[in-house]
Participant: 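First the structure, then my questions, so here it is.
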2 protein chains.
Amino acid sequence: MKKQTFNGSTMLSPVPVVLVTSKNKKGESNVFTVAWTGIMSSEPPLLYISIRPERLSHEYITETMEFTVNLPSKNLVKLVDYCGVKSGRKNNKIKECNFTLKKGKKVKSDYIEECPINIECKVKNILKPGGSHDIFISEILCTHINEDLIDSNQKIHFDWADLIVYSHGEYFPINKKRIGSFGFSVGKKKKNDNIIHKNSKKNSNLK
Amino acid sequence: MKKQTFNGSTMLSPVPVVLVTSKNKKGESNVFTVAWTGIMSSEPPLLYISIRPERLSHEYITETMEFTVNLPSKNLVKLVDYCGVKSGRKNNKIKECNFTLKKGKKVKSDYIEECPINIECKVKNILKPGGSHDIFISEILCTHINEDLIDSNQKIHFDWADLIVYSHGEYFPINKKRIGSFGFSVGKKKKNDNIIHKNSKKNSNLK
């Protein structure tokens with residue numbers, strides 16, 4: 001297949017798209033949408049979010065060094081888009097989106113009950129490459145998961161959560177039918193039934 | 001919905017899953033699978049890949065400070081899994097997978113022709129948090145894209161590429177039917193037809 005070559009741009013695709021909640025020193029909450037996020041390390045579990053310095057959430061998270069990543073289901077896609085377009089400086093997005101905030105367990109920032117998975121994070125390091133975004137490298141302290149995603153063997157079914165991705169300016173749902181699991185190419189099929197902490201290890205083995 | 005709380009682990013989901021090609025100083029190539037990757041900055045375009053220090057690709061990329069991210073379609077999922085399970089120290093994965101390597105434009109590492117999108121990267125900084133993975137922060141120098149993904153308006157259709165994601169130890173295809181585009185919640189629908197560089201800007205506006 002013939003290819004066209006383009007100058008460098010953000011072509012990695014698809015990427016996650018999440019709602020990030022945070023608080024400032026006064027305890028005021030904000031929410032915004034992030035697609036520039038990913039896992040950086042399995043042990044310790046690290047993730048990052050990249051934030052434009054002009055964002056209100058940049059100010060809030062720099063003040064408290066804590067935030068929560070909320071994974072949205074596809075029924076929330078319009079609100080996910082809205083929280084990426086609008087600024088907390090002008091809009092009370094949490095109120096406008098009618099999100100239910102729940103008290104965090106290990107961080108001061110609240111999490112969004114309507115999102116099936118919520119990840120509490122503590123910022124360890126802020127990188128400032130000097131361009132459009134600063135990079136907040138953070139430790140994952142704990143995760144809240146809807147009980148209806150966990151079966152009797154404590155296996156978590158992310159595929160039941162209707163999660164979405166962001167691809168080149170568009171939002172897409174995940175196809176629920178998996179096309180493989182880690183190790184299937186060499187016959188490691190039984191590992192699919194591992195419980196949560198083993199699945200986490202399995203993730204870490206991917207790289 | 002009642003939730004269960006778990007200790008910190010790599011619960012961000014879904015995440016990308018890509019094939020990374022690299023060369024060592026001698027010009028020998030290797031390929032391995034990475035899910036711990038993401039966009040860090042829009043301008044300059046930065047992405048990272050996290051690599052376990054014991055990986056052969058860690059050695060190769062540290063030697064040459066260059067690599068290429070190849071985005072696989074779902075028909076390659078078994079090879080994607082295989083390249084994550086097997087080590088280049090014991091297996092010639094490029095030969096076993098019958099990948100066609102093409103010469104890079106701006107880096108010495110080759111790209112995989114069978115992958116519809118290929119992203120050439122130069123390492124700018126290696127972070128070593130001291131845990132399971134080192135983090136290779138890299139600049140995106142250029143991208144090769146299959147011509148059959150580009151329409152007459154030069155709009156790139158990533159949704160035509162059958163890309164896949166990794167979610168909690170399993171591989172899933174993307175549903176081709178998009179459920180929104182950036183700005184749709186506030187009526188910015190016409191922007192969907194922007195050409196590539198505008199779409200790139202649109203991505204950068206998301207955060």
Side-chain angles (χ1 to χ4, degrees), chain A residues 1-6 8-13 34-36 38-45 47 50 74 77-78 81-82 84-85 119 129 131-133 135 140-147 158 167-175 178-183 185-186 199-200 202-203 206-207, chain B residues 1-6 8-13 34-36 38-45 47 50 77-78 81-82 84-85 119 129 131-133 135 140-147 158 167-175 178-186 199-200 202-203 206-207:
Chain A
M1 167 60 61
K2 197 152 181 262
K3 293 175 187 265
Q4 282 189 34
T5 302
F6 299 92
S9 65
T10 57
M11 289 292 176
L12 183 67
S13 177
V34 170
W36 296 172
I39 295 291
M40 295 186 132
S41 166
S42 303
E43 295 143 11
L47 65 71
S50 291
K74 67 181 180 187
V77 65
K78 195 165 187 176
D81 184 66
Y82 187 81
V85 174
I119 305 169
S132 59
H133 292 74
I135 304 159
I140 298 172
L141 300 182
C142 69
T143 309
H144 309 286
I145 299 175
N146 279 9
E147 282 195 337
F158 279 50
S167 176
H168 201 54
E170 299 179 334
Y171 308 96
F172 293 90
I174 305 308
N175 188 320
R178 77 166 184 223
I179 54 177
S181 59
F182 182 76
S185 65
V186 294
N199 266 327
S200 302
K202 189 163 53 178
N203 288 353
L206 185 62
K207 289 148 303 308
Chain B
M1 167 62 61
K2 198 154 181 261
K3 293 177 186 263
Q4 280 189 35
T5 302
F6 299 93
S9 64
T10 57
M11 287 293 175
L12 183 67
S13 177
V34 169
W36 296 172
I39 295 290
M40 295 184 132
S41 167
S42 303
E43 294 142 12
L47 66 72
S50 290
V77 64
K78 196 166 186 176
D81 184 65
Y82 186 82
V85 175
I119 306 169
S132 60
H133 293 74
I135 303 159
I140 299 171
L141 300 181
C142 70
T143 308
H144 310 286
I145 299 175
N146 279 10
E147 282 195 339
F158 279 49
S167 176
H168 202 55
E170 300 179 332
Y171 308 97
F172 293 89
I174 305 307
N175 188 322
R178 78 168 185 222
I179 52 177
S181 59
F182 182 75
F184 84 105
S185 65
V186 293
N199 266 326
S200 302
K202 190 161 54 178
N203 286 354
L206 184 62
K207 289 148 303 313

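What you see is a predicted model, and the numbers here were worked out from it, not measured in a lab. Throughout, a chain's letter reflects where its sequence line sits, starting with A, and its residues are numbered from 1. In what follows, every heavy atom counts, from backbone to side chain, and hydrogens, waters and symmetry copies are set aside.
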Participant: Would you name the heavy atoms of B:E147 and A:M1 that are closest together and state the gap between them?
Facilitator: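 Scanning both residues, the minimum pair turns out to be N-SD, 4.0 Å.
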
Participant: Applying the side chain to side chain contact (heavy atoms under 4.5 Å, CB included) criterion to B:M11, which one of A:L47, A:I145, A:I140 satisfies it?
Facilitator: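 Testing each of A:L47, A:I145, A:I140 against B:M11, the sole residue satisfying side chain to side chain contact (heavy atoms under 4.5 Å, CB included) is A:I145.
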
Participant: For A:S50 and B:I39, work out which heavy atoms get closest and say how close.
Facilitator: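 Scanning both residues completely, I find the closest heavy atoms to be OG-O, 4.3 Å.
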
Participant: With a 4.5 angstrom heavy-atom cut-off, could you sort out which part of A:I179 is near chain B: side chain, backbone, both or neither?
Facilitator: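 For A:I179, heavy atoms of backbone and side chain both lie under 4.5 Å from chain B.
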
Participant: Identify the heavy atoms of B:I174 and A:P173 that sit nearest to each other, and give their distance.
Facilitator: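 Scanning both residues, the minimum pair turns out to be CG2-O, 3.8 Å.
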
Participant: I'd like to check B:T143 versus A:T5 (side-chain heavy atoms, cut-off strictly below 4.5 Å). Are they in contact?
Facilitator: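 No, side chains not in contact.
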
Participant: Considering residues at least two apart in sequence or located in another chain, which fulfil the side-chain hydrogen bond (donor to acceptor under 3.5 Å, both in side chains) criterion with B:K3?
Facilitator: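 By the side-chain hydrogen bond (donor to acceptor under 3.5 Å, both in side chains) rule, B:K3 matches A:N118, A:N146.
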
Participant: Measure across A:S181 and B:D81 and return the closest heavy-atom pair with its distance rounded to 0.1 Å.
Facilitator: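 Closest approach of A:S181 to B:D81: O-OD1, 3.7 Å.
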
Participant: Verify the distance criterion only: is there a donor paired with an acceptor across the side chains of B:S41 and A:S132 at less than 3.5 Å?
Facilitator: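 There is such a pair (donor and acceptor under 3.5 Å, judged by atom type) between the side chains of B:S41 and A:S132.
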
Participant: From B:M40 CE over to A:M40 CE, what is the distance, rounded to the nearest 0.5 angstrom?
Facilitator: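 Reported value, rounded in 0.5 Å steps: 3.0 Å.
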
Participant: Tell me, please, which residues at least two apart from A:S13 pass side-chain hydrogen bond (donor to acceptor under 3.5 Å, both in side chains).
Facilitator: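 Residues passing side-chain hydrogen bond (donor to acceptor under 3.5 Å, both in side chains) with A:S13: A:S167.
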
Participant: What pair of heavy atoms forms the shortest contact from B:I119 to A:L12, and how long is it?
Facilitator: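 Closest approach of B:I119 to A:L12, heavy atoms only: CD1-N, 3.7 Å.
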
Participant: Return the minimal non-hydrogen interatomic distance between A:K78 and B:S185, and the atom names on each side.
Facilitator: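 Where A:K78 meets B:S185 most closely, the heavy atoms are O-CB, 3.3 Å.
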
Participant: Pick from A:G38, A:G180, A:G131, A:P44: which one has the most heavy-atom pairs with chain B under 4.5 Å?
Facilitator: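 Between A:G38, A:G180, A:G131, A:P44, the count favours A:G180.
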
